[in-house]
Amino acid sequence: MTAELVRGQNHPLSRNRVEIRVSAGTPVLAGAVLGDDRGRLSGPGSLAHPGAPRVPGLEVPVAAAAGHSITVDLDAVPGAVHTVGVLLVLPPGGPSRFGAVPAPYVAVAAPGGTELAGYTLTGLDAETAVVAVELYRRQGAWKVRAVGQGYAEGLPALLADHGMTAPDAESVAAHAHAAAAGPAAAAPAEPVPAEAAPVTGPPCSAESGPAATHPPAPATSAALPPLSTPVVPRDPAPGPVPPPPPAAPGPASGSDGPPTVSYAHPRRGRTEAPPPPPQAPPALPGEPPRPVAGDASGWSMDERLYNQVWGMFEDLARSVAAYRSAADFAESRMDRELDAALADPRSRLSGSGDGARETARARREELVAQARAVLDRDLAQLSAEVEVVEPVLPAAYARWENPVWHAAGTPQEAPLALRLGDLSLPECPGVRIPMLVRMPLERGLWIDNGRTGSEAAMMADTAPLRRAAMDMAVAHAVRLLAVHPAGRFSVQVIDAAGAGAESLAPLVRAGVLTGPPASGAAGVTEVLARLTRRVDLVQMAVRAGAPEDLPPDLDTSEQLLIVHDFPHGFDDRSVTQLRYLADEGPGTGVHLLMVADRDEAAAYGPLLDPLWRSLMRLSPVPDNHLADPWVGHAWTFEAALPPVGSLVLERALERIAEGRR
């Protein structure tokens with residue numbers, strides 16, 4: 001039976017030699033792009049079009065037609081290829097947009113046999129080029145995903161979004177159109193870039209957290225901005241990998257709306273091929289591929305695990321988006337059928353109206369059940385992968401109850417990312433994906449201890465909520481110190497009223513703070529003045545190209561500033577300094593972690609709006625406050641906290657203090 005896909009939905013392929021069948025209401029050009037694990041062009045010769053129809057594993061037609069058949073041998077594509085995208089392009093002289101012609105239909109079938117999966121590209125409008133479907137490699141097996149991502153600017157925009165420079169994209173598109181028009185119009189040669197240039201951009205998001213690749217987005221004339229981009233988050237900058245642009249799951253810059261999750265993926269700055277990931281053990285006939293930890297690409301096991309977590313996050317987002325889309329379609333179809341059946345007054349007065357209602361509702365239930373079965377299949381595979389990956393995560397990514405936290409020793413290298421908590425969706429609360437934010441932090445964190453931030457917070461009492469927020473801040477600070485080399489991070493605390501003394505006691509007893517928590521207006525002024533001076537000096541030294549000329553008394557380690565109960569103890573000058581640290585600090589190694597209630601700072605009016613927007617808001621109670629701009633999900637965030645009664649936090653602090661000594 002053919003699986004009818006909706007945008008974003010995927011389906012496993014039972015064979016590696018398949019046939020792509022295209023049926024359109026007007027002549028179209030067919031093409032294919034071979035992408036790497038980031039979705040970018042995998043290298044020279046990774047694009048097939050009428051002017052250069054052959055790439056390893058497939059050959060596309062050289063002329064426009066209303067129907068195409070492309071045989072793809074996935075065993076023949078290079079090992080660096082992780083995606084095979086099928087492109088449809090309107091040729092010059094024909095219709096000016098896909099919205100003016102019948103929706104194209106693309107099917108993946110056994111060669112000369114039955115269809116395995118089909119997708120109708122509905123919802124297109126001004127687009128003239130579209131990525132119809134994508135065959136992608138996941139855990140050693142291949143799947144097909146319905147994409148439907150269109151570009152109003154045509155083939156050049158599509159190629160640029162896949163990593164080709166703008167001049168090369170224009171040249172290749174012109175050559176493809178000329179070749180399809182006939183030999184006389186074809187250019188004698190086609191410029192092919194030596195390597196696809198990465199496209200720089202914002203994140204999501206995300207990522208960081210599980211930056212540069214955007215997942216397929218709804219059909220628009222431009223790709224969705226990341227999520228950071230990124231996984232995730234979606235961004236990042238690890239040790240051996242050059243720092244990419246920031247994109248952590250957090251608030252979108254310049255907007256006062258909810259924080260967003262980024263899909264941005266980390267860029268790679270290396271040119272050599274990474275070592276091959278471990279292979280999954282062979283599955284029994286008829287069984288899905290067995291998950292294996294670290295099967296993503298990367299130059300280290302930590303990076304592979306990070307990329308795998310990002311892939312799990314993306315898979316969950318797409319699977320639930322496809323289910324919701326199918327359920328919405330079933331509901332709207334039932335409404336249309338009821339309207340049509342009951343439009344005739346005679347139907348309403350006779351028994352046929354009741355029969356029509358029952359038939360429409362039964363059809364809706366059948367469609368929803370089919371979509372749920374597909375979702376349950378994907379969730380079972382994801383759950384199996386989580387069970388394999390979670391136990392082998394390094395300390396920076398692992399839950400506090402993971403035995404890795406009982407291992408002794410001080411890290412010698414900075415981690416790639418840091419776990420802040422877990423993300424889940426209401427359709428599958430049992431599947432929780434680690435929320436990782438890339439290191440070093442490119443955006444400050446804000447733990448909201450106010451009761452008006454969410455429904456979950458409104459149900460909590462004020463005192464326990466504020467204590468939970470401060471305990472969460474301390475847990476994040478301990479994790480940050482524990483997974484970095486000794487002395488890499490210094491932690492300073494502003495607690496003007498002393499209300500967080502109980503939560504801060506473990507940090508004070510262990511002696512891991514730079515100094516005692518600053519209290520009162522004088523303490524606030526002193527800490528902020530010292531950190532502002534540090535940012536100014538580092539910026540001047542970097543701009544002058546003389547970082548070695550920094551004053552000898554300057555602490556050059558990364559700085560984490562924890563601010564509790566803002567704006568208590570702050571005047572106008574200190575508020576301005578705090579905003580300056582939030583904006584300029586991350587670029588000079590000063591990172592902000594605020595525990596605050598935004599309503600309490602309302603007296604400053606819109607002056608502080610940029611501050612809140614620049615920080616990634618987190619909640620100390622489980623809450624669906626992380627918005628997803630790509631598929632519209634509201635992700636539920638649950639903070640990573642030590643188990644109640646556990647001594648893991650104290651043991652980690654002992655190791656931190658010992659490492660510093």
Query raised in the report: Taking 4.0 angstrom as the limit, do Arg655 and Glu658 come out as a salt bridge?
Result: no
**Report entry** Test side-chain hydrogen bond (donor to acceptor under 3.5 Å, both in side chains) applied to Arg467 and Ser503, step by step
**Finding:** CA-CA 7 Å; Arg467 174 62 189 271; Ser503 296; 2.9 Å; yes
Query raised in the report: Distance only, no hydrogens: is a donor on one side chain within 3.5 Å (strictly under) of an acceptor on the other, for Arg443 and Ser614?
Result: no
Query raised in the report: Is NZ or CZ of Arg479 both nearer than 6.0 Å to the six-membered ring centre of Trp400 and within 45° of the ring axis?
Result: yes
Requested in this report: Just do the salt bridge (Lys or Arg N to Asp or Glu O under 4.0 Å) check on Arg488 and Glu558 with the steps written out, would you?
Outcome: CA-CA 6 Å; Arg488 175 67 65 90; Glu558 299 272 322; over 6 Å; no
Query raised in the report: Do side-chain atoms of His625 reach the backbone of Ala634 as a donor and acceptor pair under 3.5 angstrom?
Result: no
Report task. For the pair Ile494 and His564, evaluate side-chain contact (heavy atoms from CB on, under 4.5 Å) and give the outcome as yes or no after the intermediate values. Result -> CA-CA 6 Å; Ile494 291 178; His564 182 231; over 6 Å; no
Requested in this report: Name the orientation class of the two ring planes belonging to Phe489 and His591 (parallel below 30°, tilted from 30 to 60°, perpendicular beyond 60°).
Outcome: tilted
**Report entry** Thr588 side chain vs Gly585 backbone, donor-acceptor pair below 3.5 Å
**Finding:** yes
Query raised in the report: Where do His476 and Ile447 land on the side-chain contact (heavy atoms from CB on, under 4.5 Å) test, with the steps shown first?
Result: CA-CA 11 Å; His476 286 339; Ile447 301 176; 4.2 Å; yes
Query - Salt bridge present between Arg419 and Asp422 (N-O < 4.0 angstrom) - result: yes
Query raised in the report: Under 3.5 Å, is there a donor-acceptor pair between the side chain of Arg660 and the main chain of Gly487?
Result: no
Query raised in the report: Do the ring planes of Trp446 and Trp612 sit parallel (below 30°), tilted (30 to 60°) or perpendicular (above 60°)?
Result: tilted
Query raised in the report: Do Leu592 and Leu445 touch side chain to side chain, with heavy atoms closer than 4.5 Å?
Result: no
Query raised in the report: Thinking salt bridges, do Arg579 and Asp609 make one under a 4.0 Å N-O criterion?
Result: no
Report task. Would you confirm whether Asp571, through its side chain, and Ser574, through its main-chain N or O, come within 3.5 Å as a donor-acceptor pair? Result -> yes
Query - Flag, side chain of Asn449 to backbone of Asp597, donor-acceptor distance under 3.5 Å - result: yes
Report task. With the side chain counted from C-beta on, respond yes when Arg534 and Val590 share a heavy-atom pair under 4.5 Å apart, and no when they do not. Result -> yes
Query raised in the report: Under 4.5 Å between any side-chain heavy atoms of Leu480 and Leu418, yes or no?
Result: yes
Query - Ionic contact status for Glu600 with Arg466, cut-off 4.0 Å - result: yes
Query - side-chain contact (heavy atoms from CB on, under 4.5 Å) between Arg324 and Glu427, intermediate numbers included - result: CA-CA 9 Å; Arg324 292 180 179 178; Glu427 285 83 357; 2.7 Å; yes
Query raised in the report: Would you call His633 and Asn624 a side-chain contact if the rule is heavy atoms closer than 4.5 Å?
Result: no
Query raised in the report: Hey, is the main chain of Pro622 close enough, under 3.5 Å, to the side chain of Ser619 for a donor-acceptor pair?
Result: no
Requested in this report: Please name the pair of heavy atoms, one in Ala510 and one in Leu653, separated by the smallest distance, quoted to 0.1 Å.
Outcome: CB-CB, 3.9 Å
Query raised in the report: Does Gln412 CD have over 12 foreign heavy atoms under 6.0 Å away?
Result: no
Query raised in the report: Is there a donor-acceptor pair closer than 3.5 Å between any side-chain N or O of Asn402 and the backbone N or O of Val404?
Result: yes
Report task. Measure from the side-chain N and O atoms of Gln492 to the backbone N and O of Thr514, and report whether any donor-acceptor pair falls under 3.5 Å. Result -> no
Query raised in the report: Between Leu618 and Leu420, does a side-chain contact (heavy atoms from CB on, under 4.5 Å) hold up when you go through it step by step?
Result: CA-CA 9 Å; Leu618 302 173; Leu420 298 181; 4.0 Å; yes
Query raised in the report: For residues Ser490 and Ser557, is any side-chain donor paired with an opposing acceptor at under 3.5 Å?
Result: yes
**Report entry** Centroid-centroid distance, Trp635 to Phe313, less than 6.0 Å
**Finding:** yes
Query - Heavy atoms of other groups near Glu502 CD, more than 12 under 6.0 Å - result: no
Requested in this report: Could you tell me which non-hydrogen atom of Val512 sits nearest to which non-hydrogen atom of Ala657, and how far apart they are?
Outcome: CG1-N, 4.3 Å
Requested in this report: Validate the cation-pi geometry between Arg438 and Tyr306: distance from NZ or CZ to the six-membered ring centre under 6.0 Å, angle to the ring axis within 45°.
Outcome: yes
Report task. Measure from the side-chain N and O atoms of Ser646 to the backbone N and O of Pro642, and report whether any donor-acceptor pair falls under 3.5 Å. Result -> no
